[in-house]
Number of protein chains: 2
Amino acid sequence: MHQLLSKNPTTTVDVLRSVGLRATEQRIAVYDILIKKKCALSIPNILSLSPVDMNESTAYRIIEQFVEKELVRKMYFQTGKTFFEIMSDHHHHHIVCTQCHDVEPVSACVLGKNIQSVTRGSHKFSTIADHMLEFFGTCKTCTRKK
Amino acid sequence: MHQLLSKNPTTTVDVLRSVGLRATEQRIAVYDILIKKKCALSIPNILSLSPVDMNESTAYRIIEQFVEKELVRKMYFQTGKTFFEIMSDHHHHHIVCTQCHDVEPVSACVLGKNIQSVTRGSHKFSTIADHMLEFFGTCKTCTRKK
DNA sequence: AATATAGTTGCAAGTAATTTGCAAGTATGC
DNA sequence: GCATACTTGCAAATTACTTGCAACTATATT
């Protein structure tokens, strides 16, 4: 956490206050875990990584507030499990290896202008607010193993 | 169902038996609903559409068997709800209402040739085997309600 | 720094979705 | 038609998540 703070004048406490949340130790812990890991984590993951004692329902409440405040993105992968990832200002997707479940981010969004064209063929929707795109394949390492 | 059968010599009963499942009225009902609707349905959707009396756990068991036998694809949308869709050779995506979780199929795939370009920026992958794309928005009905 | 108070937490109980055990019912091969 | 292995319905269990509430605490105010 401290390396991060030295690079950036905004502390976790400031981030939390800036979105209107009190800086409790539980919130600081959850936020710092997500910042440090930079990847999608489940509630059990977060609880097991927490240095401070935290009730399960507190973790659920905190993460839900972070989602509302758009600090965190809620994701449901193919397993049906719920994961949470720190929001980055950069829109990106993921390639998931179907063998080892390794995840690589895809920096560019290949959809571009095509998105709104989707609603032209729709009866029920007139606008698209967001989208989620995951790619699947076998990574080079797993391909080599076979 | 019967229009379909006239086009195709394979009946639902034959399909079920061909994968080693007995042709019970519950299995026939679930299969026919999925064939008829051609889109992602939830267990409550299937139960409400069923002409035959069916217990919830029976529907869960049947759908899970269909997934194992690869008659049906299991999908987890970003709403956290589980949906099931008949395996079809026609590639398509979905728009999901973030309010009511209603799902509408999107007939065309807007990705097209852009898919393989994704691997050009990848270190770990050289080919993409598949992808999953979901759109989110508020459907016209839910927009009206607000 | 002490205080007031509105926001937060832990705990226990509640929901919703899905699964499981088991007795009764039924499809299929003989 | 009969045997029996497969299926179903029902009720209870499980899992993931949510809620109500009393006790606690961060923050603004004095």
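Naming convention: chains lettered A, B, ... in sequence-line order (proteins, then strands); numbering from 1 in each chain.
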Atom CG of A/Leu47 and atom C1' of D/dT15: how far apart are they, to the nearest Å? 15 Å

Separation of C/dG10 atom C1' from A/Glu25 atom CD, nearest Å, is 13 Å

A/Glu64 CD to D/dA16 C1', in whole Å, measures 13 Å

Nearest whole Å is fine: how far is C/dG10 C1' from A/Ile62 CD1? 12 Å

Whole-Å distance separating the CD1 atom of B/Ile46 from the C1' atom of C/dT18: 14 Å

Given 3.5 Å as the limit, does a donor-acceptor pair link the side chain of A/Lys140 with the main chain of B/Ser126, or not? no

Check the phosphate of C/dT19 against B/Tyr60, side-chain N and O only, distance under 4.0 Å to OP1 or OP2. Yes or no? no

If you compare every side-chain N and O of A/Arg17 against the phosphate oxygens of D/dT27 (OP1, OP2), does one of them come in below 4.0 Å? yes

Phosphate OP1/OP2 of C/dT9 contacted by A/Asn55 side-chain N/O (<4.0 Å): no

Would you call the rings of A/Phe66 and A/Tyr31 parallel, tilted or perpendicular, taking 30° and 60° as the class edges? perpendicular

Smallest heavy-atom separation, B/Ala23 atom then B/Arg17 atom, equals CB-NE, 4.4 Å

First of B/Leu21 and B/Pro44 reached from the 5' end of DNA chain C, by closest nucleotide: B/Pro44

Of B/Val13 and B/Lys81, the one whose closest DNA chain C nucleotide lies more 5': B/Lys81

Nearest to the side chain of B/Ala23, heavy atoms from C-beta on, is which of C/dT18, C/dG10, C/dT28? C/dT28

Among C/dT18, C/dT9, D/dG9, the one nearest B/Gln26 by side-chain distance: D/dG9

Round to the nearest Å and state the distance from B/Leu16 atom CG to D/dT8 atom C1'. 15 Å

Nearest listed nucleotide, side chain of A/Arg61, among C/dT18, D/dG9, C/dT9: C/dT9

What pair of heavy atoms forms the shortest contact from B/Val103 to B/His94, and how long is it? CG1-CD2, 3.5 Å

Compare side-chain N and O positions of A/Arg22 against OP1 and OP2 of D/dT25 and report whether any pair is under 4.0 Å apart. no

Count the heavy atoms of every other residue, nucleotide or ligand shown that sit under 6.0 Å from CG of A/Asn55, and state whether that count exceeds 12. yes

Would you say B/Ser57 places a side-chain N or O within less than 4.0 Å of OP1 or OP2 belonging to D/dA11? no

To the nearest angstrom, how far is A/Ile28 atom CD1 from D/dT25 atom C1'? 13 Å

Using atom CD1 of B/Ile63 as one end and atom P of D/dT7 as the other, report the distance to the nearest whole Å. 15 Å

With hydrogens left out and only the distance checked, is there a donor-acceptor pair under 3.5 Å joining A/Arg27's side chain and the base of C/dG7? no

Can you figure out which of C/dT9, C/dT18, D/dT8 approaches the side chain of A/Thr24 most closely? C/dT9

